[in-house]
Amino acid sequence: MLVACLLVCNLVMTSCCSTNNVESLAKKNYFTSWNECDALSALKLYVEDVTNPKSANFIKEEDRIATFDMDGTFMGELYPTYFEYNMLEYRALDDPTYRDKAPEDVREAAQHIRDFVRKGKALPSGFDMIHAYAAAKAYAGMTLAEFDTYVKNYANQPANGFTGMTHGQAIYLPMREVFEYLKDNGFTYYVVSGSDRFICRALAEPIGIAPNRIIGMDVKLKSTKQGDTPGVNFTMGKEDYLIRTDELIIKNLKTNKVLQIAQEIGKVPVLSFGNSGGDAAMHNYCLSNKKHRTAAFMLIADDDERDHANREKALKLAVQWRDAGYHVISMKDDFRTIYGNNVKKVDFTF
């Protein structure tokens with residue numbers, strides 16, 4: 001009799017806890033950094049639908065997979081270019097521990113970035129790959145811990161073109177709220193970026209994104225005592241540690257993002273967030289999911305008052321993204337704040 005009573009009480013308490021949890025999620029205001037807008041409404045309606053067990057579109061938690069680009073999607077990229085471009089420019093041209101021994105092709109790639117940033121010169125055709133090969137060389141020989149420290153030290157520098165913010169703090173507050181909302185609703189999210197995987201890990205750490213949920217550009221690693229011996233023929237010792245090499249494995253852009261998602265996640269996402277043509281393949285892969293209801297969102301950098309942006313270009317892209325079937329998030333119209341009210345846009349200084 002006592003056991004039966006305890007079981008009944010436990011079931012009642014569990015039911016109450018479950019009900020209270022649902023009610024607390026419903027009452028929680030996740031989106032204080034947003035204005036009411038079509039994109040936010042679409043996201044909330046989508047999540048409410050696919051997490052409702054009574055809905056025909058219900059998705060089990062293990063299949064609630066969301067993918068996010070990084071630069072320009074939840075981190076600022078206009079200083080006035082990508083974080084990893086800026087860091088390579090500093091590494092090859094300014095870092096006193098490296099600049100005098102930088103290979104010529106690394107210096108050339110860094111100079112292209114400097115000329116782009118300071119003089120407005122166009123980057124060479126195919127610069128994504130030029131940078132990738134140069135970056136692989138620029139940090140070769142660093143241990144993973146040394147590289148992580150290097151990234152974080154650079155990230156602690158003031159963000160050019162802003163007051164009150166470092167590079168590493170340049171996270172869009174509205175998108176942080178999206179992460180929290182999705183997490184509380186049983187979604188697992190991954191960062192799928194064209195930037196170096198270990199750079200992404202360092203920058204995403206403050207948001208609480210686990211390292212094993214970061215997919216990015218990769219260089220080959222090796223053990224300190226491995227030399228030129230293939231890994232399949234070498235047994236790493238207890239005192240060995242891993243270092244970066246100058247051998248590029250993959251630049252994680254466009255369809256390469258899809259290939260990496262398939263290999264590393266093993267499931268087709270149901271939600272996808274990006275900001276550029278480099279994310280379109282990832283979005284299309286998500287929208288091709290025949291098993292579940294899906295949605296894809298593109299941010300446009302159309303706020304030239306609070307951020308460094310090309311509004312005219314962004315508005316043209318908005319039309320293109322809507323025609324492709326993506327929801328468009330306007331940083332100007334939809335974000336109540338971008339980086340926080342204490343951050344102000346100023347002129348670049350060089």
Side-chain angles (χ1 to χ4, degrees), residues 31-43 68-87 89-90 112-123 127-128 131 155 157-178 193-195 203 273-280 283 296-324 326-350:
F31 301 108
T32 59
S33 298
W34 288 73
N35 295 314
E36 288 298 324
C37 58
D38 290 343
L40 183 58
S41 295
L43 176 61
F68 287 77
D69 173 55
M70 185 178 76
D71 299 282
T73 298
F74 67 88
M75 288 206 71
E77 66 177 3
L78 298 169
Y79 308 122
T81 187
Y82 306 115
F83 177 92
E84 67 172 3
Y85 279 22
N86 289 320
M87 193 171 79
E89 178 194 354
Y90 167 78
H112 282 307
I113 295 170
R114 177 156 292 182
D115 290 343
F116 170 72
V117 168
R118 301 188 181 188
K119 300 178 182 179
K121 290 187 177 180
L123 292 170
F127 190 74
D128 286 332
H131 165 267
Q157 300 301 311
N160 197 359
F162 296 90
T163 60
M165 180 172 70
T166 66
H167 285 294
Q169 293 169 337
I171 299 170
Y172 302 154
L173 295 184
M175 297 307 294
R176 290 193 71 153
E177 293 170 355
V178 171
S193 173
S195 293
L203 295 178
F273 295 81
N275 78 305
S276 73
D279 302 315
H283 283 0
F297 294 79
M298 280 285 201
L299 278 76
I300 58 167
D302 59 344
D303 194 329
D304 53 8
E305 295 180 4
R306 297 178 297 178
D307 207 345
H308 298 274
N310 184 332
R311 180 167 170 80
E312 183 179 354
K313 177 183 177 182
L315 294 178
K316 290 179 180 178
L317 285 173
V319 175
Q320 180 180 334
W321 303 147
R322 289 191 179 95
D323 289 345
Y326 314 144
H327 298 286
V328 172
I329 299 172
S330 162
M331 292 176 65
K332 180 177 179 63
D333 298 331
D334 301 345
F335 287 178
R336 186 169 297 170
T337 181
I338 297 177
Y339 304 110
N341 294 329
N342 294 328
V343 176
K344 303 297 180 184
K345 172 189 169 185
V346 295
D347 292 337
F348 292 116
T349 57
F350 303 115

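Because only heavy atoms are used, hydrogens play no part in the values below, and waters and symmetry mates are left out as well, while side chains stay in.
- Open room surrounds CG on D347; 12 or fewer heavy atoms of other groups in view lie less than 6.0 Å from it.
- The shortest side-chain heavy-atom distance between M298 and D279 falls under the 4.5 Å cut-off.
- Taking the side chain as every heavy atom from C-beta outward, V117 and F348 never approach each other to under 4.5 Å.
- With a 4.5 Å cut-off on side-chain heavy atoms, K345 and E305 do not count as touching.
- Counting non-hydrogen atoms of neighbouring residues, nucleotides and ligands closer than 6.0 angstrom, the CG atom of N341 reaches no more than 12 such neighbours.
- With contacts defined as side-chain heavy-atom distances shorter than 4.5 Å, the pair F116/F127 does not qualify.
- For CG of D333, the number of neighbouring non-hydrogen atoms (other residues, nucleotides, ligands) closer than 6.0 Å is greater than 12.
- With rounding to the nearest 0.5 Å, the separation of CG in L299 from CD1 in I329 is 4.5 Å.
- Atoms OG1 and CZ, from T349 and R118 in turn, are 9.0 Å apart once rounded to the nearest 0.5 Å.
- Considering only heavy atoms from C-beta on, E77 comes within 4.5 Å of N275 through its side chain.
- The distance from atom CE of M75 to atom CD of Q169, rounded to the nearest 0.5 Å, is 9.5 Å.
- Between the CZ atom of R114 and the CG atom of N86 there is a distance of 10.0 Å, given to the nearest 0.5 Å.
- Listed for the D71 side chain is no donor-acceptor partner under 3.5 Å among the backbone atoms of S193.
- Without hydrogens or angle criteria, K332 side chain to I300 main chain gives no donor-acceptor distance under 3.5 Å.
- Taking the side chain as every heavy atom from C-beta outward, Y90 and Q157 never approach each other to under 4.5 Å.
- With sequence neighbours excluded, no residue forms a salt bridge (Lys or Arg N to Asp or Glu O under 4.0 Å) with D334.
- Between Y172 and the choices F68, F74, Y339, the ring pair (Phe, Tyr, Trp, His ring centres under 6.0 Å) rule is met once, by Y339.
- Side-chain atoms of M70 and F83, non-hydrogen and from C-beta on, never get closer than 4.5 Å to each other.
- With hydrogens and angles ignored, the 3.5 Å screen pairs no side-chain donor or acceptor of D115 with any backbone N or O of H112.
- With D302 contributing its side chain and A309 its backbone, the two residues share no donor-acceptor pair below 3.5 Å.
- For Y82 and H131, the ring centers sit 6.0 Å or farther from each other.
- With sequence neighbours excluded, the residues satisfying side-chain contact (heavy atoms from CB on, under 4.5 Å) with L40 are F31, W34, C37, K44.
- Residues F162 and D307 form a side-chain contact, since some pair of their non-hydrogen atoms from C-beta on lies under 4.5 Å apart.
- Remark: side-chain polar atoms of H308 are paired, donor with acceptor, to backbone N or O of G161 under 3.5 angstrom.
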